[in-house]
Amino acid sequence: MMDPGVFENPLREGLRLELAAEPCVAVIFGASGDLTKRKLVPALYSLAAQNLLAGGFSVVGTARTPMNDEAFRTAMRDAVHRYADAGPIEGAVWESFAAGLFYTPTDTKKPESYKKLAEVLAKIDRERGTAGNRLFYVSTPPSLYSDIIRLLGATGLNRAPNGGWTRIIIEKPFGEDLQSARVLNREVLQVFAEDQVYRIDHYLGKETVQNIMVLRFANGIFEPIWNRRYIDHVQITAAESLGVEDRGGYYEQAGAFRDMIENHLLQVLAHVAMEPVSVLDANAVRDEKTKLVRAIRPILPEEVSRYAVRGQYGEGLAGGEPVEGYRQEKNVSPESNTETYAAVKFIIDNWRWAEVPFYLRSGKRLPKRVTEVAIQFRRAPHLLFKHVASGHLEPNALILRIQPDEGISLNFSAKMPGQAINIRTVRMDFQYGTSFGKRSPEAYERLLLDAMRGDSTLFARGDMVEMAWELTMPILEAWQQPASHFPNYVAGSWGPKEADDFIERDGRRWRRP
Ligand code: BG6
């Protein structure tokens with residue numbers, strides 16, 4: 001048996017950080033799927049290459065596809081080669097990592113499969129010193145979640161042998177509406193305790209989203225102005241230039257609101273708007289975020305058209321090339337009612353944010369891929385430079401660029417050189433790339449490592465997930481009504497005209513990032 005305390009990355013001996021995870025086995029349900037190949041295994045490999053995984057760390061991939069360990073290792077090598085961004089595969093690191101990769105086929109509905117899995121895990125514990133520690137990762141189609149959770153419980157895999165720990169990561173979507181999210185929460189909590197459950201939202205693993213808390217709470221200058229006295233409104237944008245690609249089947253059931261706003265953007269909003277915590281602890285942070293979401297004013301069914309807008313792209317351009325409309329994409333109905341663009345205005349009913357609107361928007365086939373939070377400050381109270389056209393005096397804005405080109409900038413007015421007073425908006429800029437000169441880890445690296453270390457701060461808690469669905473339901477229900485105006489934006493544009501009208505009614509404009 002290998003000594004679990006000794007990591008096998010021979011190239012980085014001695015570099016183990018105190019952040020490193022305990023030895024464990026990660027069991028991936030849905031191992032033949034896209035996420036495993038594009039994100040999970042490349043992220044695990046990157047952690048190994050950074051010496052953050054314990055010696056003996058192992059992965060058991062499982063799915064319906066028959067495959068042996070060797071074939072799985074080969075497929076994962078290709079995946080790491082293609083998708084890991086931690087640099088080229090290092091021979092010795094790969095060899096050591098690959099020795100811990102196993103595959104066992106499973107029929108998720110059959111108890112025998114789980115018994116077999118338990119045997120495989122026990123063998124790995126014996127041979128690789130993983131001490132009974134298990135991290136289950138459920139990354140299958142959501143229709144299989146219930147069976148997997150129930151049968152893990154029925155076969156005793158929800159409790160670790162030999163005093164080890166067992167945790168379960170559940171991929172999004174966590175439910176497709178309030179009702180199904182409640183059922184799923186109930187099912188999970190019948191088998192696992194809340195502190196074993198890690199509901200993943202990969203936006204929380206993004207370096208720049210984590211930095212929102214650091215910006216707010218490690219600096220003295222922002223928090224005093226982080227409120228209704230100084231802030232006019234906040235815009236949170238997640239724009240994508242891609243269409244739905246080959247995910248039409250899933251997207252038809254989801255739509256932009258469920259896919260991006262209900263989870264990712266609401267989480268970002270919670271980080272921007274929550275109250276400070278007194279200690280950095282998973283439940284303290286999640287309590288504050290939950291309190292914040294609870295303070296968001298519910299949108300009544302009859303008010304949906306005042307608070308939310310939907311759109312769907314028709315044909316247009318992407319990267320200068322002509323592209324089809326959404327209704328012509330693979331696995332999409334030619335009469336589809338699904339929104340590929342959504343925008344919403346949330347009002348937070350608490351002292352800090354009273355009457356400060358938070359505008360959230362997300363869409364596919366917009367002009368570029370960009371995610372940002374724009375904190376738009378109030379205008380200067382007295383206009384001294386009256387001869388300057390007021391349109392030229394932009395209010396100050398603090399822009400948190402989540403991706404790409406991660407960083408933060410502050411826009412303010414400055415005098416242009418010359419005898420006359422001409423004023424222009426300039427930008428003070430911080431860029432991750434140039435300031436730190438090192439890559440930001442992939443979101444999944446951080447989240448997988450945290451789950452292995454038992455830190456759930458960056459995972460969604462059950463109560464917040466249900467609250468997010470509660471807020472969302474009136475909008476989704478109203479949008480069941482056929483959208484006779486679809487498609488209503490051209491692929492490659494900034495979304496439907498209705499979205500511009502929506503924010504302009506409040507005397508504001510969308511930023512063009
Ligand atoms: C996923 C959505 O959760 O997030 C996708 O299902 C979307 O539709 C993706 O493209 C965006 O993630 P990222 O990390 O590329 O911003």
Side-chain angles (χ1 to χ4, degrees), residues 21 26 28-31 33-47 52 79-80 83-86 135-142 145 167-176 181 184 197-213 236-240 242 244-245 247 250-251 254 256-272 282 285-286 289 360 362 364 369-373 400-404 406 432 439-453 455-462 464-465 468:
I28 304 177
F29 288 95
D34 236 32
L35 191 75
T36 304
K37 181 165 83 190
R38 283 174 186 263
K39 299 285 181 190
L40 303 184
V41 172
L44 290 169
Y45 174 76
S46 298
L47 291 174
L52 290 168
V80 167
Y83 298 111
D85 68 351
L135 179 65
F136 293 107
Y137 199 119
V138 185
S139 158
T140 59
Y145 290 4
R167 299 180 190 132
I168 181 165
I169 301 184
I170 301 177
E171 248 309 322
K172 75 163 271 223
F174 196 91
E176 58 190 36
L184 182 55
V197 184
Y198 290 68
R199 298 169 193 79
I200 200 161
D201 185 308
H202 78 280
Y203 263 59
L204 294 182
K206 289 183 190 282
E207 196 75 17
T208 33
V209 173
Q210 293 166 51
N211 194 41
I212 295 173
M213 284 221 285
I236 304 181
T237 302
E240 294 183 277
L242 292 177
V244 285
E245 305 198 281
R247 294 166 75 225
Y250 152 78
Y251 202 83
F257 209 104
R258 273 194 186 85
D259 189 47
M260 294 293 292
I261 297 187
E262 186 274 337
N263 37 59
H264 304 323
L265 296 197
L266 254 181
Q267 290 285 350
V268 173
L269 162 66
H271 279 241
V272 172
V285 172
R286 300 191 305 174
K289 284 168 56 180
L360 278 52
S362 180
K364 302 249 183 226
R369 174 174 184 257
V370 55
T371 303
E372 64 159 42
V373 178
L400 319 181
R401 289 190 307 277
I402 310 281
Q403 65 189 20
E406 290 90 344
Y432 267 79
R439 75 172 190 113
S440 293
E442 272 282 312
Y444 278 94
E445 288 174 40
R446 171 64 194 250
L447 296 173
L448 282 161
L449 185 62
D450 277 3
M452 286 186 251
R453 293 167 52 230
D455 182 348
S456 54
T457 312
L458 298 176
F459 291 82
R461 205 169 57 190
M464 177 161 169
V465 169

Backbone of P404 reached by a side-chain donor or acceptor of R369 within 3.5 Å:
no
Any non-hydrogen side-chain atom of K364 less than 4.5 Å from a side-chain atom of D259?
yes
Scanning both residues in full, the closest heavy-atom pair of Y432 with S440 reads CD2-OG, 4.1 Å
To the nearest 0.5 Å, what is the distance between OH on Y145 and CD1 on I170?
7.5 Å
With a 4.5 Å heavy-atom cut-off, do K289 and L204 have their side chains touching?
yes
Taking 4.0 angstrom as the limit, do E442 and K39 come out as a salt bridge?
yes
Donor-acceptor pair, side chain of R199 and main chain of A460, under 3.5 angstrom:
yes
Note: S139 and L35 closest approach over all heavy atoms is OG-CD2, 3.6 Å
Beyond-backbone contact of L449 with R446, side-chain heavy atoms, under 4.5 angstrom
no
CD of Q267 to CG of L458: how many Å apart, nearest 0.5 Å?
9.5 Å
Taking G205's backbone N and O only, do any of them form a donor-acceptor pair with Q210's side chain (distance below 3.5 Å, no angle check)?
yes
Any non-hydrogen side-chain atom of I402 less than 4.5 Å from a side-chain atom of V209?
yes
When rounded to the nearest 0.5 angstrom, what distance separates CG in L40 from CG in L448?
6.0 Å
Regarding T371 and Q403, is there a side-chain donor-to-acceptor distance under 3.5 Å anywhere?
yes
Other residues, nucleotides and ligands only: do more than 12 of their heavy atoms fall within 6.0 Å of CD on E176?
no
Give, for atom OG1 of T208 and atom CG of L400, the distance between the pair rounded to the nearest 0.5 Å.
9.0 Å
What I'd like to find out is whether the side chain of I28 reaches to under 4.5 Å of the side chain of V41, using heavy atoms alone.
yes
Work out which heavy atom in R453 is nearest to a heavy atom in A21; give both atom names and the distance.
CG-CA, 4.1 Å
Pair R401 + E372: basic N to acidic O under 4.0 Å:
no
Which heavy atom of G175 sits nearest to which heavy atom of L184, and what is that distance?
N-CD2, 4.0 Å
Check the pair N263 / Y203 against side chain to side chain donor-acceptor pair (under 3.5 Å), numbers first and verdict last.
CA-CA 9 Å; N263 37 59; Y203 263 59; over 6 Å; no
Geometric class of the Y444/Y137 ring pair [parallel <30°, tilted 30-60°, perpendicular >60°]:
tilted
Shortest non-hydrogen contact between T36 and P42, atoms and distance:
O-CD, 3.5 Å
Report the distance from atom CG of L447 to atom CE of M452, rounding to the nearest 0.5 Å.
10.5 Å
Could you pull out all residues at least two apart from T237 that satisfy side-chain hydrogen bond (donor to acceptor under 3.5 Å, both in side chains)?
R361
Can you list everything that forms a side-chain hydrogen bond (donor to acceptor under 3.5 Å, both in side chains) with R247? Sequence neighbours excluded, please.
none
Check whether any side-chain heavy atom of S456 sits under 4.5 Å from a side-chain heavy atom of R286, and report yes or no.
yes
Rounded to the nearest 0.5 Å, how far does NZ of K206 lie from NE2 of H264?
8.0 Å
Quiz question: by atom type and distance under 3.5 Å, do the side chains of Y198 and D450 form a donor-acceptor pair?
no
Where do L52 and E445 land on the side chain to side chain contact (heavy atoms under 4.5 Å, CB included) test, with the steps shown first?
CA-CA 10 Å; L52 290 168; E445 288 174 40; over 6 Å; no
